[in-house]
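Worksheet: the structure to be examined is printed underneath.
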Amino acid sequence: MPFDPAALNPEQRQAVETIDGPLQIIAGAGSGKTRVITMRIARMLERRIPQSQILALTFTNKAAREMGERVREIAGTRLRDLTVSTFHSFGVSILKRHARRLGYRDNFSIYDTQDQMALLRESAREIKMELEHGEAMSILQQFSAAKTGRAPWEDLPAAYRELYDDYSEHLRLYNAVDFDDLIILPERILSEHPDVAEAFQSRFQYIMVDEFQDTSADQYRLLRSLGMAHQNVAVVGDDDQSIYSWRGANYENFAQFERDFPDFVEIRLERNYRSTDTILAAANGVISNNQNRKDKVLWTGTKEGRPIVLTFPEDESSEGMFICDTIKTLALRENLRYGDVCVLVRTNSLTRNLEMTFLSENVPYRMSGGQSFFQRKEIKDITSYIRLCANPDDDVSLLRVINTPRRGIGRKTIETLVETAQSQATSLFGAIAAELHAADSRLGKRARADLASFHSLVEEYRSRIFAKRKMTEALRALVEEIDYWAHLVAEHPNNEKAPKWKYRNVGLFLDFVEQYEKDPDNLSPSPFEFLTRISLDPRDEVDEEHDAGKVNLMTIHAAKGLEHDVVFVAGCEAGIIPHQRAIEEDPANLEEERRLFYVALTRAKRRLYITSCRTRKVMRELRESAPSPFLEEIPDELIETVDAPEAVEEEEGLDYFAAIKAKLGG
DNA sequence: TAGGCCAAGATTTTC
DNA sequence: TCTTGGCCTA
């Protein structure tokens, strides 16, 4: 049998064996948490608990895939009826089935931040409010806080309340939901419809939640509705790794769990199996500076390990070179595989330079996160067509494509449509139909003709896209029919390369759709399924194997739950980590930034490299930068400081020596 | 009234 | 560097 108790330490074994009743596992970094969860699943299966009764909730898609993969390894086969998913995907599956109970239809659109922003703008325009970009973003955050109950309703400034009502009303009218809704609405369904709640409770008898410290209050409520009845709820987490408070994560949930499930058993996993002593000592040195934490001491009981390498490259290109050189050397001398290397950064923008260096140095890499392929303008255009076909009431998508490519439908026409839609309480698509049929339409002849052809275009492709396994074919035809290529050329009059590049992306996208549609693992491919997949899990690769053997490049947030032999933490400069904005927002965020740094360090199994540039280009201007204050929290004796490759330009080279001198002098 | 042209400004992290 | 929004022209 796959489950081997001898391979576990006593605490792990207890965690694996405790199947019934509430369980809280406090698992330090690298304490074999994922292993415990997967073994626990294996143990359940061994006890003949049907796969379909087990629900494992994770935080990121990456973690969900990773867990699915590990379970597959242990079980020796893919478990089709086992549910391993993120909270949000799980929310979608509830909502899809029961949307009608809340007055939604099951073809609802899921709005990402871009769409929300567009909707907010639209709502603001209607009530004659001007929004500047920054304000709009902050409003969306406040809406989210109010909506999820993170902040009391009264905290929402009175000036925004009308806007909020407008925004919510529109979402409903468009049959659209935002990410918050994916948690809140399912929770509402469960609490308002006991029959549905019972069905889910008896379907999922055993629930596990990974990264529990990052669960938000609304996610917790959803979990409670699912698990309260049978009490078989296991939560696993580590307060030191709580790094999502900005999105509502609240490790108070541990305390709440203890109150709601008083019969819980607590197990602490404090032995670290992942990292060397050196790496762990560094991480402990850093995290011990946080005041607000549960006291715990991780220990390894093994291998000392090499010192942590710290270097101060002159600029980001030198940083990239250092990283590439080091990787190549390790690959050559120690047979290190590229896939065992991970380069971590605080922000997505920092990946840009690294990517360029990887490309020029021929180091294969894969990027996770960052601006998704599906967020690109040209791809959004096409997906908006699909969305509109799937859900014609989706005004945000309609507005995006109604004049893309240009078909003579301008601002005035749209204003008229908006008025019609408002007075008839319908969507824009409904308004178009109404105007086309109305005898007394205020629209001119030409506008009506243009609208008529747009309307019939959507109607035609609506049926074509939904024809079984004909989505790719229909989309290719659509791209031809709207002559998207000509549109791209027209959009870039002074640039020949841009349209080619973008059209190539559209081609890649269509190939992706085709792969998706042909994939035998997708039991019922449909446009709706497809749209859900790309909104919730925006990977642009279908097969993971394609990426095996490449250096991993990602943000620290995305790396949570992962581990690699060799880890580089790049851009460890003041203002980057801790991030300036985070500190400005609230100085108390310093602790979360420190946890983030802690998470970064603890990803490393054998070797850890830290780079901190002396200068960095920020929006085209070169700025001096200081090392991150967190570097000083790592005990000196664990660190070995080395020289980075010299910067390319001579002048900068001189500065570099001056800087070294200054450092030696100071 | 539509669309071209130009200037400004930009997301910290993810579902 | 790229995208978005505003202004002006035909």
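Here is the naming used below: chain letters follow the sequence lines, and residue numbers restart at 1 for every chain.
- If you check every strand for non-hydrogen atoms under 4.0 Å, A:Lys380 touches nothing.
- We find that CZ of A:Arg150 is positioned 12 Å from C1' of B:dT14, with the value rounded to whole Å.
- For the residue pair A:Asn391/A:Ser109, the side-chain donor-acceptor check at 3.5 Å is satisfied.
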Anything under 3.5 Å between a protein N or O and an N or O of nucleotides 2-8 of chain B, put it in a table, one pair a line.
residue, atom, partner, partner atom, Å
B:dA2, OP1, A:Gly410, N, 3.2
B:dA2, OP1, A:Thr413, OG1, 2.7
B:dA2, OP2, A:Arg411, N, 3.0
B:dA2, OP2, A:Lys412, N, 3.2
B:dG3, OP1, A:Gly408, N, 3.4
B:dG3, OP2, A:Asn403, ND2, 3.1
B:dG4, OP2, A:Arg406, NE, 3.4

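- Of all non-hydrogen atoms in A:Ala64 and A:Thr58, the two that sit nearest each other are CB-OG1, 3.3 Å.
- The base of B:dT12 sits within donor-acceptor range of the side chain of A:Arg346, with an N or O pair under 3.5 Å.
- When each of B:dT13, B:dT14, B:dC15 is scored by its nearest atom to the side-chain atoms of A:Thr347, the top-ranked nucleotide is B:dT13.
- Atom CZ in A:Arg247 sits about 17 Å away from atom P in B:dT12, given to the nearest Å.
- Using modelled atom types, one finds a donor on one side chain and an acceptor on the other under 3.5 Å when comparing A:Tyr111 with A:Asp394.
- Counting to the nearest Å, the C1' atom of B:dT11 and the CD atom of A:Gln580 are 14 Å from each other.
- Comparing A:Ser535 and A:Met137 against DNA chain B, the residue whose closest nucleotide sits nearer the 5' end is A:Met137.
- Per the stacking criterion (ring centres < 5.5 Å, plane angle < 30°), A:Trp246 stacks onto the base of B:dT13.
- Distances shown here put every side-chain N or O of A:Lys560 at or beyond 4.0 Å from the OP1 or OP2 atom of B:dC15.
- In this structure, A:Met117 places its CE atom 16 Å from P of C:dT3, rounding to the nearest Å.
- Distances shown here put a side-chain N or O of A:Arg121 below 4.0 Å from the OP1 or OP2 atom of C:dG5.
- Remark: A:Arg581 is in phosphate contact with B:dT12, judged by side-chain N or O atoms under 4.0 Å from OP1 or OP2.
- C:dG6 and B:dT11 have their P atoms separated by 16 Å, with the value rounded to a whole Å.
- Atom CD of A:Glu624 sits in a sparse spot, with 12 or fewer heavy atoms from other residues, nucleotides or ligands closer than 6.0 Å.
- Remark: P of B:dC15 and CD of A:Gln116 are 15 Å apart, rounded to the nearest angstrom.
- A:Glu378 and A:Asn505 are linked by a side-chain donor-acceptor pair at a separation below 3.5 angstrom, with hydrogens and angles left out of the test.
- Checking the phosphate oxygens (OP1, OP2) of B:dT14, a side-chain nitrogen or oxygen of A:Asn348 falls inside 4.0 Å.
- Minimum interatomic distance between A:Arg247 and A:Phe59 (heavy atoms only, all atoms of both residues): NH2-CZ, 3.7 Å.
- Taking atom CD of residue A:Gln114 and atom C1' of nucleotide B:dT14, one finds them 15 Å apart after rounding to whole Å.
- One finds no side-chain N or O of A:Asn61 lying less than 4.0 angstrom from the OP1 or OP2 phosphate oxygen of B:dT14.
- Annotation: A:Glu252, atom CD; neighbour count of heavy atoms from other residues, nucleotides and ligands within 6.0 Å does not exceed 12.
- A:Asp381 is linked by a salt bridge (Lys or Arg N to Asp or Glu O under 4.0 Å) to A:Arg400, counting only residues two or more places apart in sequence or in another chain.
- Checking the phosphate oxygens (OP1, OP2) of B:dT11, no side-chain nitrogen or oxygen of A:Ser349 falls inside 4.0 Å.
- With the nearest nucleotide of DNA chain C identified for both A:Arg352 and A:Lys377, A:Arg352 has the one nearer the 5' end.
- Using a 4.0 Å heavy-atom cutoff across all strands shown, A:Phe59 reaches sugar-phosphate atoms only and no base atom.
- What separates CE of A:Met554 from P of B:dT14 is a distance of 11 Å, to the nearest Å.
- Distance A:Asp218 CG to B:dC15 P: 16 Å, rounded to the nearest Å.
- Residue A:Glu585 is classed as a base contact, given a heavy-atom separation below 4.0 Å to a base.
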